[in-house]
There are 2 protein chains.
Amino acid sequence: MAGKRKTGARQKIITEQALAMLAKHGLAAVNIAGLAQRVGLVPSGIYRHFKSKAEIVDAVLNLILERLTGFADAAAEAALDPIEQLRSLLQHHVAMLNDNPGIPSFVFAEAIFSTQSRRRANVRSIVESYLARVARIIERGQELGSIRSDVEPTAIAVMFLGLIQPLIILRQITEGEFDAKRQVETSWPLFVEMLKVRGP
Amino acid sequence: MAGKRKTGARQKIITEQALAMLAKHGLAAVNIAGLAQRVGLVPSGIYRHFKSKAEIVDAVLNLILERLTGFADAAAEAALDPIEQLRSLLQHHVAMLNDNPGIPSFVFAEAIFSTQSRRRANVRSIVESYLARVARIIERGQELGSIRSDVEPTAIAVMFLGLIQPLIILRQITEGEFDAKRQVETSWPLFVEMLKVRGP
DNA sequence: ATCAATTGTGAATTGAGATTCACATGCTAG
DNA sequence: CTAGCATGTGAATCTCAATTCACAATTGAT
């Protein structure tokens with residue numbers, strides 16, 4: 001028998017392992033048998049700690065929310081200059097890309113197709129919290145005068161997201177041939193130029 | 001009994017209906033029973049025309065490839081000015097967004113997780129063909145002098161993709177509250193500015 | 001018109017994965 | 001120390017969707 005753990009601790013382990021499976025191999029690869037094995041339990045054991053697989057997925061979603069907002073907050077504290085903060089955040093995402101291709105794909109797919117409205121609301125809060133934090137950084141940049149003020153912070157936040165999303169897909173699709181770092185080295189300066197420029 | 005059709009015609013119908021299901025409700029919603037019903041057959045009837053569901057999905061992928069490259073080519077012919085061509089293409093994607101949220105999510109998820117390498121290669125060709133066409137437009141813009149020449153066309157094509165991807169997720173996640181058209185009205189002029197600007 | 005190939009049907013079969021259940025074991029409060 | 005609860009186990013079971021199969025209807029070539 002695997003060592004016993006209190007349900008709180010077990011839930012944490014299960015959620016983390018589920019996230020790991022999801023991140024590496026996608027939602028389709030998250031199954032109870034495999035999850036149980038990673039956790040060091042037998043499939044039925046999982047059900048001592050979660051009522052259903054759906055409940056596990058919800059927990060994973062919450063974990064993703066925590067981590068993602070955590071990244072944004074960390075970036076906001078990593079530098080003084082807002083533009084530098086964004087750069088730091090972007091760089092962090094690029095670094096995560098290799099090991100965790102599943103997360104964005106999962107979040108987006110769930111956002112689009114989940115039939116349970118609780119789940120959809122959950123995903124929505126993830127994306128909106130994240131965008132709000134990015135927008136907040138941009139707003140501070142506008143206040144400090146380093147970012148043009150004639151554009152909504154939210155609109156810029158969405159464009160920032162647009163800097164990241166293509167990297168995710170291209171990195172995977174080309175099995176590593178696509179160089180995300182290199183792309184960012186081109187696109188980031190253009191993005192920054194855009195944030196400042198008010199005309200030629 | 002449903003009217004008989006030759007296998008070629010039936011395959012076309014099945015593929016189109018599968019794409020419609022996929023586009024509206026996601027890959028998870030594509031099942032043989034539902035597909036058969038849409039086509040006007042009984043589930044087993046599907047197997048007269050496809051060996052397996054996987055084969056159907058492959059056919060859908062090819063159909064997506066055709067349509068997507070078709071859009072890009074159409075856009076390239078819709079205007080003389082390359083920048084105007086890009087705008088036309090972007091606008092087309094925005095218009096498609098509402099009814100077909102499933103396609104991008106599917107393509108990206110397959111790109112990332114499909115275990116069959118044939119499938120992955122297929123997806124890769126979709127994305128690369130599309131990007132190549134966009135890059136081609138940009139290259140022509142550079143030749144004509146309307147787009148700055150100090151940046152790789154491909155890098156700009158990737159950024160163009162970044163203009164589109166966030167719209168897909170946000171539109172769906174907010175259940176229509178997010179106004180993609182409005183976002184594009186902000187982001188597109190900035191993008192164009194960026195294509196031209198060489199410094200303040 | 002006829003026969004062979006093609007296409008369609010409805011009823012099984014299969015398989016994979018989630019979930020349940022009866023029982024075993026370990027922990028903890030009293 | 002021991003009763004009772006929480007946690008773990010292994011063997012079913014349940015569910016759902018894909019797939020197969022034996023048989024029927026239709027079509028097209030001769």
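Order of the sequence lines sets the chain letters (A, B, ...), proteins ahead of strands, with each chain counted from 1.
Put simply, B/His49 has no side-chain N or O that comes within less than 4.0 Å of OP1 or OP2 on C/dT6. Contact between the side-chain N/O atoms of A/Ser52 and the OP1/OP2 oxygens of C/dA18 is not found at any separation under 4.0 Å. The shortest distance between the side-chain N/O atoms of A/Arg5 and the OP1/OP2 oxygens of C/dG26 is not below 4.0 Å.
Of the possible donor and acceptor atoms, none in the side chain of B/Glu110 sits under 3.5 Å from a partner among the backbone N and O of B/Arg120. B/Gln85 places a side-chain N or O within 3.5 Å of a backbone atom of B/Ala79 that can act as its donor or acceptor partner.
Between the base of D/dA25 and the side chain of B/Lys4 there is a donor-acceptor pair shorter than 3.5 Å.
Salt-bridge formation is not detected for the pair A/Asp99/A/Lys24: no Lys NZ or Arg NE/NH1/NH2 atom is positioned less than 4.0 Å from an Asp or Glu carboxylate oxygen. Salt bridge present: A/Arg87 and A/Glu84 bring a charged side-chain N and a carboxylate O closer than 4.0 Å.
Whole-Å rounding puts the A/Lys53 NZ to C/dT20 C1' distance at 17 Å. One atom, CD of B/Gln11, and another, P of C/dT6, lie 14 Å apart when rounded to the nearest Å. Going from atom OH of B/Tyr47 over to atom P of D/dA18 covers 6 Å, rounded to whole Å.
Along DNA chain C, the nucleotide nearest A/Lys51 and the nucleotide nearest B/Gly3 are compared for position; the residue whose nucleotide lies closer to the 5' end is B/Gly3.
The line from CD1 of A/Ile83 to CZ of A/Arg140 is 12.0 Å long, rounded to the nearest 0.5 Å.
The listed nucleotides are C/dC23, C/dT28, D/dT20; the one nearest the side chain of A/Arg48 is C/dC23.
Looking at residues 22-46 of chain B, you'll see B/Leu41, B/Val42, B/Ser44, B/Gly45 sit with a heavy atom under 4.0 Å from some atom of DNA chain C.
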For residues 42-52 of chain B, dump all side-chain donor-acceptor pairs below 3.5 Å to protein atoms at least two apart in sequence or in another chain.
| from | atom 1 | to | atom 2 | distance (Å) |
| --- | --- | --- | --- | --- |
| B/His49 | ND1 | B/Thr7 | OG1 | 2.7 |
| B/Ser52 | OG | B/Ala54 | N | 3.4 |
| B/Ser52 | OG | B/Glu55 | N | 3.3 |

